[in-house]
> 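Got a structure for you, written out below as structure tokens; questions coming shortly.
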Number of protein chains: 2
Amino acid sequence: MAPPVGRALKHVQVREYVRGLVTGSAPGSPAPSERELVQRFGVARMTVRQAMDALVVEGLLERIPGRGTFVARPRRAPSKITGFTEEMARRGMLAESQTLLARREQAGPGVARALSLTEGDAVVHWRRLRRADGVPMCLEDAYLNEVLLPGFLQSGMPTSLYDSLAARGLRPTWAEDSITADKATPEEAGLLEVEPSSVVLRHSRRAVSGEKVVEVSRTVYRADRFTLWVQLGQGC
Amino acid sequence: MAPPVGRALKHVQVREYVRGLVTGSAPGSPAPSERELVQRFGVARMTVRQAMDALVVEGLLERIPGRGTFVARPRRAPSKITGFTEEMARRGMLAESQTLLARREQAGPGVARALSLTEGDAVVHWRRLRRADGVPMCLEDAYLNEVLLPGFLQSGMPTSLYDSLAARGLRPTWAEDSITADKATPEEAGLLEVEPSSVVLRHSRRAVSGEKVVEVSRTVYRADRFTLWVQLGQGC
DNA sequence: TAGTGGTCTAGACCACTAT
DNA sequence: TAGTGGTCTAGACCACTAG
């Protein structure tokens with residue numbers, strides 16, 4: 001394959017060429033040597049190193065001095081920040097949602113603080129009963145900053161909140177969760193179709209995209225149907 | 001301050017000089033310009049860029065084209081992988097432990113699989129009742145690969161498992177946790193000093209350091225005393 | 001206009017690995 | 001010995017920002 005032509009930066013051309021060669025290769029496979037790429041693209045070696053550096057930082061390549069550059073074994077990664085739809089898909093289950101409430105409200109003190117707003121500011125309150133493979137799994141109350149989501153309530157509610165946040169460039173980049181065990185309230189038990197005072201898992205989330213708080217939610221899961229899985233790590 | 005002298009690599013000298021200038025500075029403070037560092041250290045600009053690149057990747061500096069290089073605002077980071085002692089300290093509580101059991105065992109099928117061992121291999125089983133500010137908080141069963149921890153049982157049990165792992169260069173770099181809500185067994189209720197069938201939070205962990213599985217544990221927390229906090233993020 | 005970071009060149013020498 | 005990545009030089013031009 002010839003080096004691509006275009007007005008793209010040279011280190012980007014090299015980087016994407018190598019990425020193309022390398023994606024799909026088994027870990028440990030050799031990448032082209034730096035001097036080989038210098039020849040192929042007719043660029044300086046520092047330019048090639050800039051390209052390779054980026055792929056090394058990404059975790060795609062691994063350099064071994066004296067030996068060469070190789071496809072890195074995929075690093076164990078921390079959990080992605082996902083919503084219910086994506087999480088259930090990952091478990092091979094079909095997520096369904098029943099909207100119980102979707103309206104504009106004035107933020108109370110707790111929600112205002114969590115969303116970094118002022119009390120009384122407009123928020124979207126969205127309450128859903130969520131099923132996996134037809135069985136009630138959890139009850140979720142999400143609060144969203146209306147200013148960040150103009151026309152959200154009018155545009156017809158999506159299935160996946162996180163998809164529609166992503167579509168607006170507001171995919172969460174950071175989230176803080178708190179998790180407790182508790183007993184269901186009578187109302188929760190009724191909606192979740194469990195005995196009164198059944199054990200539940202309560203999960204609160206505050207999700208941030210860049211500097212903006214995009215979601216504050218409280219979710220109550222049936223303990224008999226749901227285990228929370230989290231991966232932690234120092235890698236990215 | 002004069003450039004340090006020594007046989008250290010030049011880009012390392014520059015990097016550590018800048019790090020020293022910058023740590024403690026407020027986010028947004030300017031770092032020295034690249035050309036200024038070229039003058040000060042008498043090195044090539046590419047060498048300075050190599051030094052600065054490292055600090056940018058670390059998240060310490062931020063480059064703004066046309067303006068300069070500045071101290072980055074600390075990025076929101078995912079949770080560190082901590083044990084009970086460290087976690088309680090973070091909450092301003094004093095962690096105490098009472099060892100209920102500490103012995104060499106043969107790994108059963110479940111523990112063997114989780115520790116990436118063969119059934120019957122030697123493992124350390126360590127059961128502790130853990131208190132925070134004197135109140136029972138959780139009951140933890142940890143299983144450790146004895147081969148990775150020679151003399152662990154003989155050397156007197158430490159307070160913090162994670163400290164002693166760190167001392168052997170086995171600080172976890174990745175962990176997978178699962179969290180469920182449940183009711184305490186009679187034995188658990190007795191040890192945790194709660195009513196029988198009280199609500200508890202069950203937390204399982206499999207912690208890895210590099211490629212080695214260093215800890216497998218199951219912990220049961222009093223739900224009335226403990227909330228799990230987790231931060232997730234794409235930054236490192 | 002002066003200064004900044006972003007890109008790029010065309011070399012060089014080193015330590016290390018593999019044959 | 002040949003090849004690899006690691007380090008380093010002494011320049012250059014560009015687009016952008018700020019005064």
Side-chain angles (χ1 to χ4, degrees), chain A residues 2-19 21-22 25-73 75, chain B residues 2-19 21-22 25-73 75:
Chain A
V5 199
R7 68 183 191 294
L9 298 174
K10 294 186 180 181
H11 76 267
V12 174
Q13 287 181 37
V14 176
R15 193 223 301 150
E16 296 310 316
Y17 169 76
V18 175
R19 191 202 300 282
L21 282 184
V22 140
S25 304
S29 308
S33 79
E34 296 178 356
R35 285 163 179 89
E36 186 182 333
L37 291 164
V38 165
Q39 291 298 316
R40 179 184 291 272
F41 284 87
V43 298
R45 188 160 158 234
M46 288 305 291
T47 304
V48 168
R49 283 186 65 79
Q50 187 178 5
M52 305 292 263
D53 278 340
L55 297 173
V56 168
V57 167
E58 263 185 53
L60 194 61
L61 295 182
E62 184 181 12
R63 289 203 250 239
I64 305 182
R67 297 228 298 128
T69 306
F70 303 88
V71 179
R73 48 170 177 64
R75 286 185 291 195
Chain B
V5 198
R7 69 185 191 292
L9 298 175
K10 293 187 181 180
H11 77 265
V12 174
Q13 287 182 37
V14 176
R15 192 224 299 152
E16 297 310 315
Y17 169 76
V18 174
R19 191 202 302 283
L21 282 184
V22 140
S25 305
S29 309
S33 78
E34 295 179 355
R35 285 163 179 90
E36 188 182 331
L37 291 164
V38 166
Q39 291 298 317
R40 179 183 293 271
F41 284 86
V43 297
R45 189 158 158 236
M46 288 303 291
T47 305
V48 169
R49 284 186 65 79
Q50 185 178 5
M52 303 293 262
D53 278 340
L55 297 173
V56 168
V57 167
E58 264 184 52
L60 194 61
L61 296 182
E62 183 180 13
R63 290 203 250 241
I64 306 183
R67 297 228 297 129
T69 305
F70 303 88
V71 179
R73 49 170 178 62
R75 288 184 289 196

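Quantities reported herein were computed from a predicted structural model and do not represent experimental measurements. Order of the sequence lines fixes the chain letters, A, B, ..., with proteins taken first and strands second; residue numbering starts at 1 for each chain.
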> If I take atom CG in residue A/L61 and atom C1' in nucleotide D/dT4, what distance separates them, rounded to the nearest angstrom?
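Rounded to the whole Å, the gap is 15 Å.
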> Can you tell me if B/E62 uses its side chain to pair, donor with acceptor, with the backbone of B/V56 under 3.5 Å?
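Not confirmed, B/E62 side chain does not pair with B/V56 backbone.
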> Given atom CD of B/Q39 and atom C1' of D/dG11, what is their separation to the nearest angstrom?
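After rounding, the gap between these two atoms is 13 Å.
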> According to the salt bridge (charged side-chain N to carboxylate O under 4.0 Å, His left out) rule, which pairs have a member within residues 8-17 of chain B, sequence neighbours left out?
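Found B/E16-B/R19.
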> Are the side chain of B/Q13 and the backbone N or O of B/A8 linked by a donor-acceptor pair below 3.5 Å?
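Answer holds: yes.
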> Would you write the dot-bracket representation of DNA chain C, where each base gets (, ), [, ], | or . depending on whether it forms a Watson-Crick or G-U pair under 3.5 Å and with which partner?
||||||||||||||||||.
> More than 12 foreign heavy atoms under 6.0 Å from CZ of A/R45: is that the case here?
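Counting neighbours around CZ of A/R45, more than 12 heavy atoms of other residues, nucleotides or ligands fall under 6.0 Å, so yes.
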> For B/G59 and B/A72, which heavy atoms make the closest approach, and how far apart are they?
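Shortest heavy-atom contact: O-CB, 3.5 Å.
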> Applying salt bridge (Lys or Arg N to Asp or Glu O under 4.0 Å), can you list everything that pairs with A/R67, at least two apart in sequence or on another chain?
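For A/R67, no residue satisfies salt bridge (Lys or Arg N to Asp or Glu O under 4.0 Å) once neighbours in sequence are set aside.
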> Determine the minimum heavy-atom distance between A/A26 and A/V71, stating which atoms define it.
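Nearest pair, atom of A/A26 first, then A/V71: O-CB, 3.6 Å.
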> Just jot down the salt bridge (Lys or Arg N to Asp or Glu O under 4.0 Å) partners of B/R35, sequence neighbours excluded, or say none.
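If we apply the salt bridge (Lys or Arg N to Asp or Glu O under 4.0 Å) test to B/R35, skipping adjacent residues, there are no hits.
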> Using a 4.0 Å heavy-atom cut-off, write out nucleotides 14-19 of chain D from 5' to 3' as B (base contacted by protein), S (sugar-phosphate only) or - (no contact).
--BSS-
> Would you mind reading off the distance between A/M52 atom CE and D/dG5 atom P, rounded to a whole angstrom?
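My rounded result for the distance is 7 Å.
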> For nucleotides 7-9 of chain D, which of its nitrogen or oxygen atoms have a protein nitrogen or oxygen under 3.5 Å away, and what is each distance?
from	atom 1	to	atom 2	distance (Å)
D/dT7	OP2	B/Q50	NE2	3.1
D/dT7	O4	A/R45	NH1	3.4
D/dC8	OP1	B/K10	N	2.6
D/dC8	OP2	B/H11	N	3.1
D/dC8	OP2	B/H11	ND1	2.9
D/dT9	OP1	B/K10	NZ	2.9
D/dT9	OP2	B/A44	N	2.7
D/dT9	OP2	B/T47	OG1	2.8

> Give me the atom names and distance for the closest heavy-atom approach of A/T69 to A/M52.
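That would be CG2-CE, 4.0 Å.
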> Within the structure, does a side-chain N or O atom of A/S33 lie under 4.0 Å from either OP1 or OP2 of D/dG3?
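A/S33 to D/dG3 OP1/OP2: no side-chain N or O under 4.0 Å.
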> Kindly give the heavy-atom pair with the smallest separation between B/E34 and B/R49, and that separation in Å.
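Scanning both residues, the minimum pair turns out to be OE2-NH1, 2.9 Å.
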